[in-house]
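Here is the structure we will look at.
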Number of protein chains: 2
Amino acid sequence: MTTPLYLNIGEQLSTEVSRMQPGDRLPKERELAERFAVSRMTVRQALSLLADQGRVYSVRGHGTFVAQPHVAKDATLASFTEDMLARGLVPGSRLLGAAEVPAPAELARALELPEGAPTFRIERLRLADNVPMCLETVHLPARLFPQLLDADLTSSLYALLGTRFRTTVVRAEQTFSAVRLTRRQSDLLGVPAGSAALVMRRVGVDTRGRLVEHAESIYRNDRYEFRLGVVRTP
Amino acid sequence: MTTPLYLNIGEQLSTEVSRMQPGDRLPKERELAERFAVSRMTVRQALSLLADQGRVYSVRGHGTFVAQPHVAKDATLASFTEDMLARGLVPGSRLLGAAEVPAPAELARALELPEGAPTFRIERLRLADNVPMCLETVHLPARLFPQLLDADLTSSLYALLGTRFRTTVVRAEQTFSAVRLTRRQSDLLGVPAGSAALVMRRVGVDTRGRLVEHAESIYRNDRYEFRLGVVRTP
DNA sequence: AAGTGGTCTAGACCACCCT
DNA sequence: GGGTGGTCTAGACCACTTT
């Protein structure tokens with residue numbers, strides 16, 4: 001038994017379902033069990049694969065049916081560079097400032113550092129197709145990334161962390177809120193003063209579970225919205 | 001058998017797990033089966049509830065363990081009512097308006113309806129601990145929910161759809177952006193005119209894959225932020 | 001009343017991890 | 001080799017929907 005039966009049956013049902021119309025009824029579970037020469041429990045395991053993907057749904061006492069097709073991608077962690085490429089835009093960067101600064105209280109709490117611990121602060125104007133898209137301020141613990149500021153900071157920071165420090169941000173906690181732009185911010189972004197903007201804050205965690213990055217990104221509201229597919233867990 | 005055994009057992013295991021430490025090992029499946037006086041398959045069904053929530057994980061040939069808390073689970077679909085309860089706040093509602101209206105172009109596109117198709121439009125001021133939290137405008141296809149407007153619209157709409165129309169929103173596509181509030185909006189929310197606010201738009205899909213709901217929620221920026229754990233998919 | 005999916009049993013063997 | 005979770009069987013009854 002190298003590959004489980006229910007996976008094989010699930011695949012066969014999958015191609016079968018893809019040739020059917022939304023709303024069509026699938027054969028009864030007892031019929032499928034007979035056809036594949038397995039027990040009904042195994043058929044149900046295969047069907048639950050499709051149900052979990054939202055391809056089919058069951059109605060008690062009625063049958064199992066092909067669902068309307070949908071597209072709901074889960075949110076996946078992406079750098080600005082990756083996000084823009086996925087949207088078909090050319091990412092760019094203008095470095096506004098880079099310095100070593102002591103961690104202020106709120107940042108220290110977010111990264112679980114002692115207050116005042118040395119961090120690198122990198123502020124960049126991020127561009128998409130050469131037009132300002134967001135204003136990004138990243139803080140990283142200085143101890144983890146020696147000589148970081150000597151590198152080229154105008155391209156992807158995530159790529160730099162990977163190649164030079166062998167560190168990958170594998171998960172993150174993000175929050176979204178809104179803000180009214182200050183005069184400086186609206187000038188940099190090229191939007192009217194006092195505009196509303198979307199703020200994303202992110203704390204990134206690497207494979208070892210270390211908090212390696214705090215980022216605050218202020219997005220132009222007229223060029224960006226954040227998309228997210230969500231599912232209900234019962 | 002009013003409520004399935006595995007749900008009961010799942011709840012008992014849930015409280016048990018909440019009192020354990022991450023990494024702790026759960027009793028063996030065969031032990032749990034004996035303790036609850038059920039078959040092992042039923043125990044596995046209960047455990048899979050917790051595994052789906054990311055609360056526990058299993059290692060073949062080793063055991064089942066308590067997972068690290070908050071380890072980047074994607075956001076789960078929640079109604080306003082559920083969201084507030086999860087944040088420890090008491091949800092409430094003030095009905096601002098409910099009517100049958102023809103779908104405007106943008107809404108029709110989002111719900112894949114013909115333009116001008118009849119929809120129910122429900123506008124509510126949502127409260128948390130009796131203080132305004134967000135301004136919510138929901139549209140639903142009238143054809144799917146006959147006589148919806150006769151019901152009590154001040155409590156959870158999701159609960160109403162479940163009990164009265166046997167429909168559950170199981171997936172949704174959400175977008176987040178920012179907006180400056182109009183005078184009417186800021187008055188209703190009780191914040192200064194011209195404040196920035198977080199806007200969430202959602203298209204909800206039921207088990208059959210039907211688009212059943214379009215919601216636009218405008219959240220007070222001083223009381224709400226949206227949190228999201230994301231993981232990097234390799 | 002008949003038929004469907006939902007739950008449950010009491011076993012069995014397999015694949016993998018440990019010592 | 002012994003123990004764990006993963007898969008699978010051949011039934012059974014229950015809850016619900018439709019005829």
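Protein chains get the first letters and strands the later ones, always in sequence-line order, with residue 1 at the start of each. Scope of the values below: all heavy atoms of this structure, side chains included, with no hydrogens, waters or symmetry mates.
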Rounded to whole Å, please give me the gap between [atom1] in [X] and [atom2] in [N].
{"X": "B:Met41", "N": "C:dG6", "atom1": "CE", "atom2": "P", "result": "15 Å"}
{"X": "B:Asn8", "N": "C:dC8", "atom1": "CG", "atom2": "P", "result": "9 Å"}
{"X": "A:Glu34", "N": "D:dG11", "atom1": "CD", "atom2": "C1'", "result": "15 Å"}
{"X": "B:Gln45", "N": "C:dA10", "atom1": "CD", "atom2": "P", "result": "15 Å"}
{"X": "B:Leu5", "N": "D:dA15", "atom1": "CG", "atom2": "C1'", "result": "15 Å"}
{"X": "B:Leu50", "N": "D:dG5", "atom1": "CG", "atom2": "C1'", "result": "16 Å"}
{"X": "B:Leu49", "N": "C:dG6", "atom1": "CG", "atom2": "P", "result": "15 Å"}
{"X": "B:Phe65", "N": "C:dC18", "atom1": "CZ", "atom2": "C1'", "result": "11 Å"}

Donor-acceptor pairs under 3.5 angstrom involving side-chain atoms of residues 134-149 of chain B: please list them, not counting sequence neighbours.
| from | atom 1 | to | atom 2 | distance (Å) |
| --- | --- | --- | --- | --- |
| B:Glu136 | OE1 | B:Arg124 | NE | 3.3 |
| B:Glu136 | OE1 | B:Arg124 | NH2 | 2.9 |
| B:Glu136 | OE1 | B:Arg126 | NH1 | 3.2 |
| B:Glu136 | OE2 | B:Arg126 | NH1 | 3.3 |

Measuring to OP1 and OP2 of [N], would you say a side-chain N or O of [X] lies under 4.0 angstrom away?
{"X": "A:Thr42", "N": "D:dT9", "result": "yes"}
{"X": "A:Arg44", "N": "C:dG6", "result": "yes"}
{"X": "B:Tyr6", "N": "C:dC8", "result": "no"}
{"X": "B:Ser39", "N": "C:dC8", "result": "no"}

Got more than 12 heavy atoms from elsewhere within 6.0 Å of [atom1], [X]?
{"X": "B:Glu34", "atom1": "CD", "value": "no"}
{"X": "A:Asp150", "atom1": "CG", "value": "yes"}
{"X": "A:Arg87", "atom1": "CZ", "value": "yes"}

Practice problem: For DNA chain C, find the residues of residues 21-32 of chain A with a heavy-atom distance under 4.0 Å and give them by number; none if there aren't any. | Solution: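 Nucleic-acid contacts, sorted: A:Lys28, A:Glu29, A:Arg30.
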Practice problem: Return yes if a side-chain donor-acceptor contact under 3.5 Å exists between B:Glu213 and B:Tyr158, otherwise no. | Solution: yes
Quiz item: Toward the 5' end of DNA chain D, which comes first, B:His62 or A:Arg40, by nearest nucleotide?
Solution: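 Per heavy-atom nearest nucleotide, the more 5' residue is B:His62.
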Exercise. Choose from C:dC18, C:dG6, D:dC8 the nucleotide whose nearest atom is closest to any side-chain atom of A:Arg60.
Key: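 For A:Arg60, the side-chain atoms sit closest to C:dG6.
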Quiz item: Charged N to carboxylate O under 4.0 angstrom, B:Glu106 versus B:Arg109?
Solution: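 Result for this pair is no, no salt bridge flagged.
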Quiz prompt | Distance, nearest 0.5 Å, that separates CZ of B:Arg55 from CG of B:Leu50 | solution =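 Rounded to the nearest 0.5 Å, the CZ-CG separation comes out at 6.0 Å.
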Self-check item: First of A:Ser58 and B:Ala37 reached from the 5' end of DNA chain C, by closest nucleotide
Solution: A:Ser58
